[in-house]
Amino acid sequence: MADRHEGGEDRPYDAVLETAERHAKAWLRGIRDRPIPPRLGSEDIKGRLGRELPETGEPAVDVIDRLAEGAEPGLSAIGSPRFYGWVIGGTQPVALAADWLVSAWDQNTGLRTITPAAVAAEEIAEAWLVDLLGLPGGSQVGFTTGATMAQFTCMAAARDEVLRRAGWDVETQGMAGGPAIRFIVGEERHGTVDLAGRYLGLGSPIVVPSDIEGRIRVDELRATLTAGGGPTIVLLQAGNIHSGAFDDFGPAIAAAHEADAWVHVDGAFGLWASASPRLRHLVAGVDAADSWSTDAHKTLSVPYDCGLAIVRDAHAMHRALSMHASYLQVTDEGADPHEKVPELSRRARGLPTWAVLRSLGRTGVAALVERMADAARGIADGVAKLPGVEVLNDVVFTQVCIALDDDQATEALSRRLWDDGEVLAMTSRWHDRAVVRFSVSNWQTDAAEVRRTVDAVGRALDEVRAGAG
Ligand SMILES: *Cc1c(COP(=O)(O)O)cnc(C)c1O
């Protein structure tokens, strides 16, 4: 029996967990210095893991060895302080350790009665988050898999409420035959906003033009709002993925509320500006919205996956999301976790968030956010001095978009960086131009890493020029 080899029947977990720990530590120790991109693709990794379903089993320790060794060349060093691809965060040590306990404890965090410890830690984190993000007291926080699902969750509450005001109960009556919902977004919203609208049966959004930094134009928003009526949901953005820009929340939210709209803010990474006294001005007025979605797995640096769905009106959230069933016991202590997220069964994914907040404290969270913004400023200033590099955005937060004179050269620069492996920054298109985008989302990106980044971009640029010349 596999179990007997691995510590006896009463300790079936010990040996396999020690094996996993050894692999995990080796990976984490090497993360700063290994090439960032994966060296092999998924087909090669399938070969290394073994494609055939084994007829008979394999000891647990061997399975974990096989997984760690087989997977290694197909892993990206996402936790590297020079990983700037998309907006993807790393992991603080305390959050990873808490996440291990989440798995070991295996608490199905749907109901307060059965998992009081998980609910307690998540509710403490909930109150801390609402405070840190400067949002209205009593706002509810649901721990989702990410900002995409957080957006869906908040917009489910929005849909319930705007239809209820129009005399329609979407929970019992469904969508067909009900009043149409106007779903208004800015031109440069994140693609997941459309996804949430699709999941909720809202169809394609009404698109309002954005300005040069990607902020929704408030005059255009006002014009759109007054051109029609009926139940309305307006989507605003804290943190544009190309420029880092923030919508002008004060006037935009006021205009939307005048039209009795529900305002949701996609603040996947940008909402964290609220936690910094120095950067808070960027989100001025955001607390007047009705709901906010953000991620803990980006800026806050907890392991994947954790998003945060925050809703001011607890009733709207619970009406839209809670399940009523005879076998679920309800207590008077407050909402059950399942009333705030789409899932019934889920892991206690809020605990790493509790751990990071406990470990950093208010000033530590502010410093974390400011360090990311400072690093973005440093990268922008450093690369702007390199010949032919243009920084395209006003670097107000954590995003930097650069371009060379033509798209081909910009794409060549991005490829060169990928091959070199020291810095990972992805190509994108913004305002009809190829760009290389740096999203600073790692808790370890400091001034030294910024220097290393700028040097690597300089080297890659030299090679692109040499190749072209
Ligand atoms: C990352 C991101 C999302 C989606 O978040 P996930 O956690 O990947 O689901 C939505 N909006 C913005 C602005 C983002 O940066």
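This is a predicted model, so every value here is computed, not measured. For ligands, and for the atoms within them, numbers begin at 1 and follow the listed sequence.
In summary, D266 and R189 do not engage in a salt bridge, as defined by a charged side-chain N under 4.0 Å from a carboxylate O. Under 4.0 Å is where a charged nitrogen must lie from a carboxylate oxygen, and between E187 and R217 no such pair does. Using a 4.0 Å cut-off between a side-chain N of Lys or Arg and a carboxylate O of Asp or Glu, D446 and R371 do not qualify as a salt bridge. R452 and D33 are joined by a salt bridge, as a carboxylate oxygen and a charged side-chain nitrogen come within less than 4.0 angstrom of each other.
Only the side chain of F269 comes within contact range of ligand 1, with a heavy atom under 4.0 Å; no backbone atom does. Heavy atoms of I241 found under 4.0 angstrom from ligand 1 belong exclusively to the side chain. Contacts between T148 and ligand 1 below 4.0 angstrom, taking non-hydrogen atoms only, involve backbone and side chain alike.
Close approach of ligand 1 to D295 (heavy-atom distance below 4.0 Å) involves ligand atoms 5 (O), 6 (P), 7 (O). Ligand 1 places these atoms under 4.0 Å from at least one heavy atom of A268: 2 (C), 3 (C), 10 (C), 11 (N), 12 (C), 13 (C), 14 (C), 15 (O).
No N or O atom of Q237 sits closer than 3.5 Å to an N or O atom of ligand 1. Taking only nitrogen or oxygen atoms, main chain and side chain alike, Q151 does not reach within less than 3.5 Å of ligand 1.
Heavy atoms of H297 approach ligand 1 to within less than 4.0 angstrom.
When hydrogens are left out, the protein atom nearest atom 14 (C) of ligand 1 is K298 NZ, 2.9 Å; that is the closest non-hydrogen contact. In terms of protein heavy atoms, atom 11 (N) of ligand 1 is closest to D266 OD2, 2.9 Å.
Among A238, G89, A147, the residue whose heavy atom lies nearest to atom 6 (P) of ligand 1 is A147.
Between H190 and Q151, the side chains place no donor N or O within less than 3.5 Å of an acceptor N or O (distance only, hydrogens not considered).
Proximity of a side-chain donor or acceptor of R433 to a complementary backbone N or O of L404 within less than 3.5 Å is detected.
Shortest non-hydrogen contact noted between V263 and A289 is O-CB, 3.7 Å.
Environment of CG in L28: crowded, with over 12 heavy atoms of neighbouring residues, nucleotides or ligands closer than 6.0 Å.
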